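First comes the structure, then the notes that go with it.
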Protein chains: 2
Amino acid sequence: MADVARLAGVSSQTVSRVSNGYAGVTEETRRQVLAAMKELGYRPNSAARALKRGEFRTIGVITFTLSTTGNVRTLEAIATSAAGEGYAVTLLPVAVPTQDEVRGAFSRLEELAVDAVIVIMEVHLLDAATIKLPPHVQVVVVDSDAGDHYTVVDTDQAGGSRAAVRHLLDLGHETVWHLGGPEDSFAAQRRADAWRATLAGAGRPVPPLSRGDWSAESGYRAGLELAAREDCTAVFAANDQMALGLLRALHERGRRVPEDVSVIGFDDIPEAGSFLPPLTTVHQDFAEVGRLCVDAVLRKMRQDGPERGTTLVPTRLVTRASTAPPPARSTAGPEEPAG
Amino acid sequence: MADVARLAGVSSQTVSRVSNGYAGVTEETRRQVLAAMKELGYRPNSAARALKRGEFRTIGVITFTLSTTGNVRTLEAIATSAAGEGYAVTLLPVAVPTQDEVRGAFSRLEELAVDAVIVIMEVHLLDAATIKLPPHVQVVVVDSDAGDHYTVVDTDQAGGSRAAVRHLLDLGHETVWHLGGPEDSFAAQRRADAWRATLAGAGRPVPPLSRGDWSAESGYRAGLELAAREDCTAVFAANDQMALGLLRALHERGRRVPEDVSVIGFDDIPEAGSFLPPLTTVHQDFAEVGRLCVDAVLRKMRQDGPERGTTLVPTRLVTRASTAPPPARSTAGPEEPAG
DNA sequence: CCATCGAATGTTTACGTAAACATAACAGCA
DNA sequence: TGCTGTTATGTTTACGTAAACATTCGATGG
């Protein structure tokens, strides 16, 4: 900076003013400084800036895994939004989802150059950890129900599940089975709760709950059991991957989709439209989730946002070929041959 | 730091020594300092450290999109490896893959606090851009053939393609069709080149090349045309998503997989084993790619690595149900009914 | 018993920037 | 003409750390 100042014949402070776009610099002077900067290839030193300003213009993102579509898409949206606001994004992978590991990530974070943190994980792993965060680092949480304690941005899980179940009931199914996610996932829990509540609200029986671990393989295993139940004509899977495994299990057991069994997923991953058959599913707007996370975290840093509470991003049901009315059976209704 | 020093009754320099684990501090003194740090909740200021040390302990990763499995898995492995080495990872999304955008990303990078950059993209977009990089920032490139100009880490695309094509030929197919990736992708180009070379090396005819854009939807469109060709009994798709679309097209056109047509993919995404039928594919070790990237970039920073050249990560053929011998036809072979 | 040496610790300084304050130059007005 | 206010620019200082150098003190050896 001193070199630039010397070459331009001004003080280093004037260089700083030009560099930061402050007013009060003659157009003439500005031009000279800019020319000098260019000639010397001057780049402001971000460490010195951060030291002086007391902020890093960086947002940290903590997440367990990038193997779920949702996390990845959210992260991508966060990175894009943050870049648009002049913020960088630093990634903090947590190898194993245990409280110890999370605590470790947060303590690494303490030494890290971030002004705020966005956490993409379940709160119950988070609880014991956050205490140690530096005082001025703001937190926003995704994928959890911690609205009372943190600022939370999430997809409207309940609304999506409700739409999925209603769609199947509207098609004429007596009830809807659910292939849920792992027990310790709040997203899974909320999807299951909404499924149960919607059935109960419609006065329908609530079939036993199957569980997978989000993977297609687990959906396949659970699907083999569901396929054996003759009375199962409609399944709502808690994500598209498990729905994929379910489709394979049904196919192997000779149950046609959607003629014999309707299947509906959750997420609307890019491949969902290419499944056999193309999957009806609940579309999540991850881009919006990411955008809102950055919004929220920046507003908190400027201290003009709500401290706590949950922002829900609406979902949209995407109807494809995997859902249809139930097969005509021994019910009281009239039997019609398939068109 | 001064507060800690005061509380511990030592100088700030001694605090610094403890903080950085230098020798030459009495065990007694160290304990006092550590106690003081804990009591005051002291955390070293990374901006000041970076300013003083002249390095940020941060690696920047530039990529276009996180919507391809490969990029995501590579990124995840990079983040994990980097964390293990005490480095943070900063994400630099590039919205549109144009040279202008890339140049923009690199110029943002210049002001960014990174010591090195890993670029996950095609070189031809990179060429005009890198010139402006700060002098001491090292670069490692993934997914490209720029070994002459940069340090490159990549999957052994050619080896994987060769294995895929040979597998199909060994099963008895006369030749293998290829559903390639977009024209401007080097990965796609190398997979197609190896496919062509392997066929030529075996003295087989080289069918016309179909192209997609990596998406399942594009695989479906290309698949509809391939399905119409009676003489097409084996297809090597350049990635699993396109293979998925291809499977759907074949199914819709009444061509059974693998009885009528064998299909093989590339990547081995987690869902590949749950396709209908489960997909034979070329497994890529993205974790290893990411690890090697970090290795290479750190070695370059320590100036004891090779400046240029390509490191190839081997692939592995995963055989599942989507490949089988060709249907018995008007060839000289004996006709057998399906078991 | 004193010079010498090494280990432990303290003091000074600089990293590059930008806020705060200081100064200079000039216009407007009585 | 001299005073005031405004604008452009210069000077000083501090951000938190760690390298370089300085000092202290006890131990060792002649």
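Letters A, B, ... are given to chains in the order of the sequence lines, protein chains preceding strands, and every chain is numbered from 1. Values below: every heavy atom of this structure, side chains too, minus hydrogens, waters and symmetry copies. The structure presented is a predicted model; accordingly, all values stated were derived computationally and were not measured.
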Original post:
Could you state the CD-P distance from B/Glu28 to D/dC25, rounded to the nearest angstrom?
Top reply: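 Distance check: B/Glu28 CD to D/dC25 P gives 17 Å.
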Subject >> Phosphate OP1/OP2 of C/dA7: any B/Thr26 side-chain N/O under 4.0 Å >> reply: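 The answer is no; no side-chain N or O of B/Thr26 sits under 4.0 Å from OP1 or OP2.
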Subject >> Side chains of A/Thr90 and B/Thr90, donor plus acceptor under 3.5 Å >> reply: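 Indeed, the side chains of A/Thr90 and B/Thr90 share at least one donor-acceptor pair under 3.5 Å.
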Original post:
Taking all atoms of both residues into account, what is the closest heavy-atom pair of B/Tyr87 and B/Met301, and its distance?
Top reply: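 It is OH-CE, 3.2 Å.
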Subject >> Where A/Asn20 and A/Arg49 come nearest, the two heavy atoms and their spacing >> reply: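 Shortest heavy-atom contact: OD1-NH2, 3.4 Å.
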**OP:** Mind jotting down which residue pairs meet the salt bridge (Lys or Arg N to Asp or Glu O under 4.0 Å) criterion with at least one end in residues 54-64 of chain A? Sequence neighbours excluded, please.
**Re:**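 Residue pairs passing salt bridge (Lys or Arg N to Asp or Glu O under 4.0 Å), neighbours aside: A/Glu55-A/Arg57.
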**OP:** Sequence neighbours left out, what pairs pass salt bridge (Lys or Arg N to Asp or Glu O under 4.0 Å) with at least one residue falling in residues 285-294 of chain A?
**Re:**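 Sorted result for residues 285-294 of chain A: A/Glu288-A/Arg291, A/Arg291-A/Asp295.
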**OP:** Could you encode protein contacts along nucleotides 16-21 of chain D as a string, one character per nucleotide from 5' to 3', using B for base contact, S for sugar-phosphate-only contact and - for no contact, with a heavy-atom cut-off of under 4.0 Å?
**Re:** BBBBB-
Subject >> For B/Arg6, all residues meeting salt bridge (charged side-chain N to carboxylate O under 4.0 Å, His left out), sequence neighbours excluded >> reply: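 Salt bridge (charged side-chain N to carboxylate O under 4.0 Å, His left out) list for B/Arg6, sorted by chain: B/Asp3.
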Subject >> Side chain proximity check, A/Thr151 to A/Val141, heavy atoms < 4.5 angstrom >> reply: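 Counting from C-beta outward, A/Thr151 and A/Val141 never come under 4.5 Å.
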**OP:** With axes from five pairs an end, tell me the bend angle of the helix from C/dC1-D/dG30 to C/dA30-D/dT1, nearest 10°.
**Re:**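 Taking the rotation axis at each end, their angle is 50°.
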Could you pull out every donor-acceptor pair under 3.5 Å between side chains of residues 74-83 of chain B and any protein atom, sequence neighbours left out?
unit_1, atom_1, unit_2, atom_2, d
B/Thr74, OG1, B/Gly70, O, 2.7
B/Glu76, OE2, A/Leu66, N, 2.9
B/Thr80, OG1, B/Glu76, O, 2.9
B/Ser81, OG, B/Ala77, O, 3.0

